[in-house]
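Quick notes on the structure that follows.
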2 protein chains.
Amino acid sequence: MQVTIKDIAKKTGVSYATVSRALNGRSGVKEDTRELILEVARKMGYQPNAIARGLVLKHTHTLALVIPDITNPFFPEIARGVEDAASLLGYSVFLCNTNWEANKEKLYLKTLQEKRVDGIILHPSHDVQDNHFLDFQVPVVLLNKIPNVVEYSSIEVDNVMGGFIATKHLIEAGYKKIAFIGGSENSPSNAERKEGYKLALRKYKLPIDESLILSGKFNSESGYHNLKKLIYSGNTPDAVFGGNDVIALGVLHCAQEHGLRIPEDFGIIGFDDIPYASLPQIQLTTIEQPKYQMGRHAIELLMRAIKEEKADEVKRIILEPKLKARKTTREVPNNKAIKY
Amino acid sequence: MQVTIKDIAKKTGVSYATVSRALNGRSGVKEDTRELILEVARKMGYQPNAIARGLVLKHTHTLALVIPDITNPFFPEIARGVEDAASLLGYSVFLCNTNWEANKEKLYLKTLQEKRVDGIILHPSHDVQDNHFLDFQVPVVLLNKIPNVVEYSSIEVDNVMGGFIATKHLIEAGYKKIAFIGGSENSPSNAERKEGYKLALRKYKLPIDESLILSGKFNSESGYHNLKKLIYSGNTPDAVFGGNDVIALGVLHCAQEHGLRIPEDFGIIGFDDIPYASLPQIQLTTIEQPKYQMGRHAIELLMRAIKEEKADEVKRIILEPKLKARKTTREVPNNKAIKY
DNA sequence: TTGAAAGCGCTAACAA
DNA sequence: TTGTTAGCGCTTTCAA
């Protein structure tokens, strides 16, 4: 059996209230008694029971990170950022994989509330339209925007800016026929990246050709097949902006298989900067999302909500995406750089 | 404020013991009352308090996965296996990154005990010699062997077999001068893989050349530099068995940079089969560890320890590693395959 | 400086 | 079938 403060009280001959005070470093305990208690506690191998404490204090120093899939290369760094920041503040964090299933997400959210987590960081599954987490007691911060949901703090990256920068880079590098091969149609971030793409084309007076704008899934097969489709329909672009890195990797694979010379005749840019992208054998040009920082910021936001009783204060942190020019796009000649 | 069983009791006019019974589906509640209670609970938005329940039941339905770094491509799949299996059984899991630091590991283990997790899955940092988790109340299963520690269940892959298979594959493919570029000297799994390597050389009558056996760190820089060292000392091998995939990737990079033709003149095999390895642009031949399964099995073992009060029963599950022949090694001609 | 006692929300004996 | 009550391990008033 675990030793409790009562055991310590018995051993030391004081009341267990005093033991509690001593153990928690509260004032109003004679130095002698405190030392005695601490000593005895140590000797008996006392481990405070966080459950009991949580029951009375009404907080658990426990958080949760609810994401679609830790196996998706986009998430581990976020998770690490979350966990590092949380542990620094004395919080533990539950990891929950929803597997992109709204039902699983719903179930987790319920369980987590029952476990009385102090806060939740949530990357919702795209397809969640019913916002089942809207009647929440627990503070939550979102890891991406949900259309029409404004009641939560969130940390986001500026996807339209990212899409713009990506496309601009392609244009500056001299590519002329630039396709957008995106992911799911009803992903808000996908839509925003596409918007950035169109913005850039428009700004630099390139035609917007709808036949060059494809969508599919956020996996490499989708990227692969969409480029293939373009090639076989005789509509081969000379550059592709992929909706994310995984798609771009599929595009890269397809382009290589079809003997397209990269980056000379064919440019590819992705989005996210997942770890794969920087492998020497890949060297994918991409738009970086500051994943680790996103995790940290999410914790910051969550702490505001938890600590300051400002559950109502909604704050959005919008992070800037950055271009990582690598080897799947031509270098931009200095003199050709478009003024921005 | 959250609604409690007392609130429900008041509303329905029964005692709160009855409410508890009804809510937990315990027998001995008239069907009418049960329905009433359930109905009222639903209406009031009752959320059972798992903390309070945990306090009396003395379990929390909470587990922890303590690993060095979720950002390391070896771990996400394990984590997924753990989480999937755990959630199926109604458990939540804490994710803890020790960052390879024994101190952090120690701290987490302490916290987790205080939080009264029901069990822990631990991948210890290599360099932990003092086994600070030895005085544990909580069931733990280990994700790799620790020398001289036999008191815990563990799930392991047979590293010497893996090393043997890897080397055998290289030999069968016709490589003659096979180097082993490993990771940390004091990593047990590294030592075992090296042992398998030597075993294979011996068995197939190839000389064991200590100048071809290098160690370093478990990162790609280490692999890169160790091969470079070999090359510049005029001791270039015609194949390398990397202590893990990340090392092998570094080796691959170096080999490519130095114009070695892969796999014709130079073969590379790794260990782990991390996701990178199967990218079309990489196609690294490697020894697969069944990571997802390891996670699931770990949960199995943990459940035995938790449920059956067999905390003392120590069980090891030893998984078989498998060869994944891809493009960084020559194909093994059928007739040349060595009988095993 | 210390102790007695209530109570956090719940489960489970024991009685009725 | 239902209610009463003790108690899980702890914190925190209130009194002494």
Side-chain angles (χ1 to χ4, degrees), chain A residues 1-38 40-41 44-62 110-118 137-138, chain B residues 1-38 40-41 44-62 90 111-118 137-138:
Chain A
M1 216 50 247
Q2 289 273 7
V3 354
T4 72
I5 50 172
K6 288 193 184 173
D7 300 320
I8 301 178
K10 220 166 287 167
K11 198 87 158 195
T12 54
V14 299
S15 77
Y16 65 91
T18 302
V19 175
S20 170
R21 278 188 281 256
L23 257 21
N24 290 296
R26 215 125 288 162
S27 64
V29 183
K30 210 197 331 174
E31 204 41 42
D32 290 358
T33 8
R34 179 190 306 279
E35 275 168 22
L36 174 66
I37 289 168
L38 260 32
V40 171
M44 299 181 76
Y46 172 72
Q47 302 256 31
N49 184 326
I51 295 296
R53 182 180 278 163
L55 184 58
V56 8
L57 259 23
K58 289 171 167 334
H59 60 243
T60 52
H61 272 241
T62 292
K110 177 164 160 290
T111 306
L112 292 170
Q113 289 203 89
E114 296 189 357
K115 297 213 168 161
R116 297 302 189 259
V117 297
D118 294 338
Q137 327 279 102
V138 185
Chain B
M1 219 47 253
Q2 289 274 6
V3 353
T4 72
I5 49 172
K6 288 194 183 173
D7 300 321
I8 301 179
K10 220 167 287 168
K11 199 90 157 195
T12 54
V14 299
S15 78
Y16 65 91
T18 301
V19 175
S20 171
R21 278 190 281 258
L23 257 20
N24 290 296
R26 214 126 289 161
S27 66
V29 183
K30 211 199 329 175
E31 204 40 43
D32 290 359
T33 8
R34 179 190 305 279
E35 275 169 21
L36 174 64
I37 289 168
L38 260 32
V40 171
M44 298 180 77
Y46 172 71
Q47 303 255 29
N49 184 327
I51 294 297
R53 182 179 278 163
L55 186 57
V56 8
L57 260 23
K58 289 173 169 334
H59 60 243
T60 52
H61 272 240
T62 292
T111 307
L112 292 170
Q113 289 205 89
E114 296 189 359
K115 297 212 169 160
R116 297 300 189 260
V117 297
D118 294 338
Q137 328 278 101
V138 185

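A, B, ... follow the sequence lines: proteins, then strands. Residue 1 opens every chain. Just so you know, these numbers come straight off a predicted model, no measurement behind them.
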Is there a side-chain contact between B/Arg34 and B/Arg21 in this structure, where contact means two heavy atoms from C-beta onward sitting under 4.5 Å apart?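 B/Arg34 does not reach B/Arg21 side chain to side chain.
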Tell me whether the OP1 or OP2 atom of [N] has a side-chain N or O from [X] closer than 4.0 Å.
X       : N      : result
B/Thr33 : D/dT2  : yes
B/Thr18 : D/dT2  : no
A/Arg21 : C/dT2  : no
A/Ser20 : D/dT11 : yes

Whole-Å distance between [N] [atom2] and [X] [atom1]?
X        : N      : atom1 : atom2 : answer
B/Arg26  : C/dA13 : CZ    : C1'   : 13 Å
A/His59  : C/dG9  : NE2   : C1'   : 17 Å
B/Glu114 : D/dC10 : CD    : P     : 10 Å
B/Ile37  : D/dT1  : CD1   : P     : 12 Å
A/Ile8   : D/dC10 : CD1   : C1'   : 12 Å

Please round to 10 degrees the angle between the axis of the first five pairs and the axis of the last five pairs in the helix from C/dT1-D/dA16 to C/dA16-D/dT1. 40°
Provide a list of protein-nucleic acid N or O atom pairs under 3.5 angstrom, restricted to nucleotides 7-9 of chain D.
| unit_1 | atom_1 | unit_2 | atom_2 | d |
| --- | --- | --- | --- | --- |
| D/dC8 | O3' | B/Lys58 | NZ | 3.0 |
| D/dG9 | OP1 | B/Lys58 | NZ | 3.0 |
| D/dG9 | N2 | A/Ala52 | O | 3.4 |

Please tabulate, for the side chains in residues 51-59 of chain B, all donor-acceptor contacts under 3.5 angstrom to protein atoms that are two or more places apart in sequence or on a different chain.
| unit_1 | atom_1 | unit_2 | atom_2 | d |
| --- | --- | --- | --- | --- |
| B/Arg53 | NH2 | B/Asn24 | OD1 | 2.9 |

Residue pair A/Val29 / A/Thr18: nearest heavy atoms and the distance that separates them: CG1-CG2, 4.2 Å
Minimum heavy-atom distance between A/Ile8 and A/Val40, given as atom pair plus value: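 Shortest heavy-atom contact: CG2-CG1, 4.2 Å.
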Distance alone, cut at 3.5 Å: any donor-acceptor contact between the side chains of B/Thr62 and B/Lys115?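 Per modelled atom types, B/Thr62 and B/Lys115 side chains form no pair under 3.5 Å.
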